[in-house]
Protein chains: 2
Amino acid sequence: MVSSKDVAKRAGVSQTTVSRVLNTPEKVTDKTLEKVNKAMKELEYRPNLIARSLVKKKTHSIALLSGPLHNPFYVETTMSIVNYAKAHGFNVNVHFESNTDQLSVYEDVFKHQVDGIILSSILYEDPIYQELQQLNVPFIMFNRKHKEKGHYIEMDNAKAGRLATDHLLELNHRNIAWIGGPLVTSTFLARYTGYCEALENKGVPVRSENTVITDTGKAAVLEKTKELMARKNKPSAIFAATDSIAIYMMDWLLKNGYKIPEDVSIVSMDNVGWSHHHAFQLTTVGTVEQKNLGEIAIGHLIELIHQKERGESGPFIQQTLETRLFRRHTTKRKES
Amino acid sequence: MVSSKDVAKRAGVSQTTVSRVLNTPEKVTDKTLEKVNKAMKELEYRPNLIARSLVKKKTHSIALLSGPLHNPFYVETTMSIVNYAKAHGFNVNVHFESNTDQLSVYEDVFKHQVDGIILSSILYEDPIYQELQQLNVPFIMFNRKHKEKGHYIEMDNAKAGRLATDHLLELNHRNIAWIGGPLVTSTFLARYTGYCEALENKGVPVRSENTVITDTGKAAVLEKTKELMARKNKPSAIFAATDSIAIYMMDWLLKNGYKIPEDVSIVSMDNVGWSHHHAFQLTTVGTVEQKNLGEIAIGHLIELIHQKERGESGPFIQQTLETRLFRRHTTKRKES
DNA sequence: AATATAAATGGAAGCGTATTCATAGTCAAG
DNA sequence: CTTGACTATGAATACGCTTCCATTTATATT
């Protein structure tokens with residue numbers, strides 16, 4: 001490995017000077033600048049960022065703890081986050097949530113001296129929050145939030161839940177199933193709460209068999225869908241907590257001869273790119289914004305990092321985005 | 001930041017000993033081990049991996065240079081790669097190919113002292129190859145390969161191209177369009193070559209207007225589809241070079257009233273998860289393997305890294321996977 | 001031409017860790 | 001006891017870089 005010392009020797013200057021042409025070239029004579037640059041080229045010198053990080057206490061990298069990519073929502077946020085970060089000089093260490101080693105992921109991240117953390121993988125009452133705080137590294141949550149607040153960007157999930165449910169109610173549906181992930185997560189909890197509220201407002205009882213909690217992976221969703229449709233008293237409409245779940249369900253339903261929306265209406269949530277596809281035309285609730293949640297969050301995170309560098313400290317970033325219903329073609333009035 | 005020195009002071013031992021309980025605890029008395037562990041807990045000490053990396057010359061992180069996630073193929077490989085790497089103690093720095101700063105990505109990666117590089121983003125004659133070589137860091141290509149060979153995992157793209165085209169020919173199609181990305185990429189080139197060969201074998205002329213080169217993003221594909229179908233002499237079948245392209249096309253086609261496969265047959269390539277979806281049921285060509293290309297490649301890469309550590313050097317890994325046609329429901333016999 | 005001032009350069013310390021080498025401590029065998 | 005052979009520990013150095021401080025060199029001022 002060729003180091004700045006080697007370059008120095010070759011150029012006949014001190015190692016300090018080499019460092020200077022890298023960091024403050026204006027403090028170096030044109031002549032020596034040229035000498036040093038020439039030596040660098042010849043030796044194919046590349047500064048060792050590890051060493052630089054050690055002294056500057058800045059790694060120019062951030063950790064992303066994302067939900068799994070089988071959910072297109074996280075595909076979109078991951079792309080946005082990585083690209084935005086890169087454009088601003090940051091590297092992204094990506095980690096995906098997994099049922100098994102929840103904690104080990106964090107241990108991993110903690111030791112890696114990142115400049116900031118952006119995460120969707122957090123439970124509403126996750127004890128990991130306190131550990132994150134003690135790290136003294138800026139972190140922001142997107143999509144999901146934590147009980148203790150902190151910095152976060154979310155959509156108004158409760159309202160979204162109401163919007164979706166109201167839509168189905170207006171279409172005369174009364175037997176509406178809700179299917180989503182575990183309620184220990186802020187998003188699923190709020191979306192479910194919104195569903196319940198909307199039903200209660202209309203005086204429609206929340207029936208326990210209409211609440212389906214599932215793992216969000218494909219296999220589990222298909223299984224739950226099968227169970228749901230095997231019931232005597234099938235729902236006439238389904239509120240899927242994410243587009244991802246809705247799309248998996250549609251796979252099963254179509255494969256088993258159900259027509260959508262004729263046989264069953266489906267509304268979901270997130271308004272991911274796939275939901276526009278003509279093969280789905282999913283009615284869904286999403287934010288009004290152009291940017292996705294990840295894109296907004298990464299912008300803030302980088303600002304937080306810069307703030308910390310300057311020794312400043314701004315207010316908490318706590319954004320709850322407006323949502324609206326994107327009515328497409330998976331919902332239909334129930335004829336009674 | 002609490003360092004091993006602080007721990008040492010607190011535990012009343014030397015920094016060396018602290019380092020030892022971390023790395024070779026068996027060389028330390030139970031008594032002092034306990035003391036040190038206690039001090040670590042109390043101070044919430046976390047070893048600084050940056051410093052460790054500097055001396056050990058090992059970062060435990062690898063760089064992934066991936067194609068864009070709007071292609072589901074790369075979604076699947078990215079998930080596999082990140083998860084596999086994590087399970088083997090490696091962090092993954094993710095970068096996505098972008099039309100603009102091709103080179104800057106590499107510069108970025110080069111300086112970051114990764115232990116290995118796994119990439120799909122490379123052109124067949126990419127000059128970046130030489131730079132990668134000089135880095136003296138193990139790297140492996142997946143999906144796409146380079147003229148100079150090196151380590152790579154691909155599917156048999158030429159054969160796949162022939163399979164897909166033969167399928168359409170057998171279904172009596174003669175006016176078959178090929179649509180794919182720039183031919184400077186090994187995958188597109190080979191898939192196109194296979195297409196041409198298959199046509200020529202049957203004595204069907206390759207017509208230039210049936211070769212459509214496009215950017216692989218959604219907007220561009222839609223535009224090209226529109227142009228293609230506006231022609232007087234529309235193709236009766238389309239060979240899309242990736243499932244991603246095929247799915248975009250289907251969006252446009254369905255939206256514009258075309259029935260698939262009645263009005264136009266579509267075959268594509270990669271056999272991504274989405275192609276199974278009942279809303280698509282895409283006829284496609286993919287590998288026979290269970291694992292995706294990324295998963296296979298990352299396994300090899302980690303092995304290469306370990307080999308290098310041991311000072312060994314094995315043979316080049318050059319795998320070209322068998323492919324087969326997955327016949328589903330987007331292709332249909334042409335009635336003449 | 002002499003001095004004051006600014007600009008350019010180099011020496012050395014330090015970032016937090018691992019590791020080599022020397023030293024002090026322990027214990028068994030004689 | 002004494003010697004020898006380990007074992008447990010610590011001091012010192014190195015990893016490649018930035019940065020503070022001291023020194024030299026160039027430039028401006030009188």
Side-chain angles (χ1 to χ4, degrees), chain A residues 1-40 43-61 89 110-115 135-137 309, chain B residues 1-40 43-61 89 110-115 135-137 309:
Chain A
M1 149 142 294
V2 29
S3 75
S4 57
K5 234 180 227 168
D6 302 322
V7 175
K9 196 172 294 173
R10 175 127 190 168
V13 300
S14 75
Q15 184 266 331
T16 307
T17 299
V18 175
S19 175
R20 261 191 283 258
V21 339
L22 251 37
N23 300 287
T24 53
E26 72 278 7
K27 298 199 162 190
V28 153
T29 318
D30 286 358
K31 202 174 56 186
T32 63
L33 195 100
E34 199 179 345
K35 275 194 303 185
V36 172
N37 277 328
K38 181 154 162 283
M40 283 181 173
L43 298 176
E44 287 178 345
Y45 168 70
R46 301 191 199 274
N48 183 327
L49 291 199
I50 296 291
R52 178 179 297 174
S53 294
L54 184 58
V55 24
K56 301 252 266 185
K57 296 173 176 318
K58 188 147 186 358
T59 56
H60 287 279
S61 58
F110 289 161
K111 295 193 292 194
H112 258 275
Q113 317 297 123
V114 292
D115 293 343
L135 275 188
N136 198 27
V137 164
E309 265 169 21
Chain B
M1 149 142 297
V2 30
S3 75
S4 57
K5 236 179 225 170
D6 302 321
V7 175
K9 196 173 295 173
R10 174 127 190 169
V13 300
S14 75
Q15 183 266 328
T16 307
T17 299
V18 174
S19 175
R20 261 191 282 257
V21 339
L22 251 37
N23 299 287
T24 52
E26 71 278 7
K27 298 197 164 191
V28 152
T29 319
D30 287 358
K31 202 174 56 186
T32 64
L33 194 102
E34 199 179 346
K35 274 196 303 188
V36 173
N37 277 327
K38 183 155 161 280
M40 284 180 169
L43 298 177
E44 285 178 348
Y45 168 70
R46 302 192 199 274
N48 184 328
L49 291 198
I50 295 290
R52 180 178 294 174
S53 293
L54 182 58
V55 24
K56 301 252 266 185
K57 296 173 176 318
K58 188 152 188 351
T59 56
H60 287 279
S61 58
F110 289 161
K111 296 193 292 194
H112 258 276
Q113 315 297 124
V114 291
D115 293 342
L135 274 188
N136 197 27
V137 163
E309 265 170 22

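In what follows, chains carry the letters A, B, and so on, assigned in the order in which the sequence lines appear, proteins first and then strands, with residues in each chain numbered from 1.
Distance NZ (Lys9(A)) to C1' (dG16(D)): 14 Å, rounded to an integer number of Å. What separates CG of Leu54(A) from P of dT17(C) is a distance of 9 Å, to the nearest Å. Going from atom CZ of Arg52(B) over to atom C1' of dA14(D) covers 17 Å, rounded to whole Å. Atom CD of Gln113(B) and atom P of dG16(D) are 10 Å apart (whole Å). Taking atom CD of Gln15(A) as the reference point, atom C1' of dG16(D) lies 7 Å away to the nearest angstrom. Between Lys5(A) atom NZ and dA12(C) atom P there is a gap of 12 Å when expressed in whole angstrom units. Regarding Asp30(A), its CG atom lies at a distance of 15 Å from the P atom of dA7(C), rounded to whole Å. As rounded to whole Å, 17 Å separates atom P of dT17(C) from atom CG of Asn48(A).
Remark: Thr17(A) is not in phosphate contact with dT9(C), judged by side-chain N or O atoms under 4.0 Å from OP1 or OP2. Residue Thr29(B) places no side-chain N or O under 4.0 Å from the OP1 or OP2 atom of dA8(D). One finds no side-chain N or O of Thr16(B) lying less than 4.0 angstrom from the OP1 or OP2 phosphate oxygen of dA18(C). For the pair Lys57(B) and dG16(D), the criterion of a side-chain N or O lying under 4.0 Å from OP1 or OP2 is met.
Side-chain N/O atoms of Thr32(A) and base N/O atoms of dT9(C) include no donor-acceptor pair closer than 3.5 Å.
Ser53(A) places a side-chain N or O within donor-acceptor distance of the main-chain N or O of Leu49(A), the cut-off being under 3.5 Å.
By the 4.5 Å heavy-atom criterion applied to side chains, Asp6(A) and Met1(A) are not counted as neighbours.
Within residues 20-27 of chain B, the residues approaching DNA chain D are Arg20(B), by heavy-atom distance under 4.0 Å.
The residue among Ala51(B) and Ser14(B) whose nearest nucleotide of DNA chain D lies closer to the 5′ end is Ser14(B).
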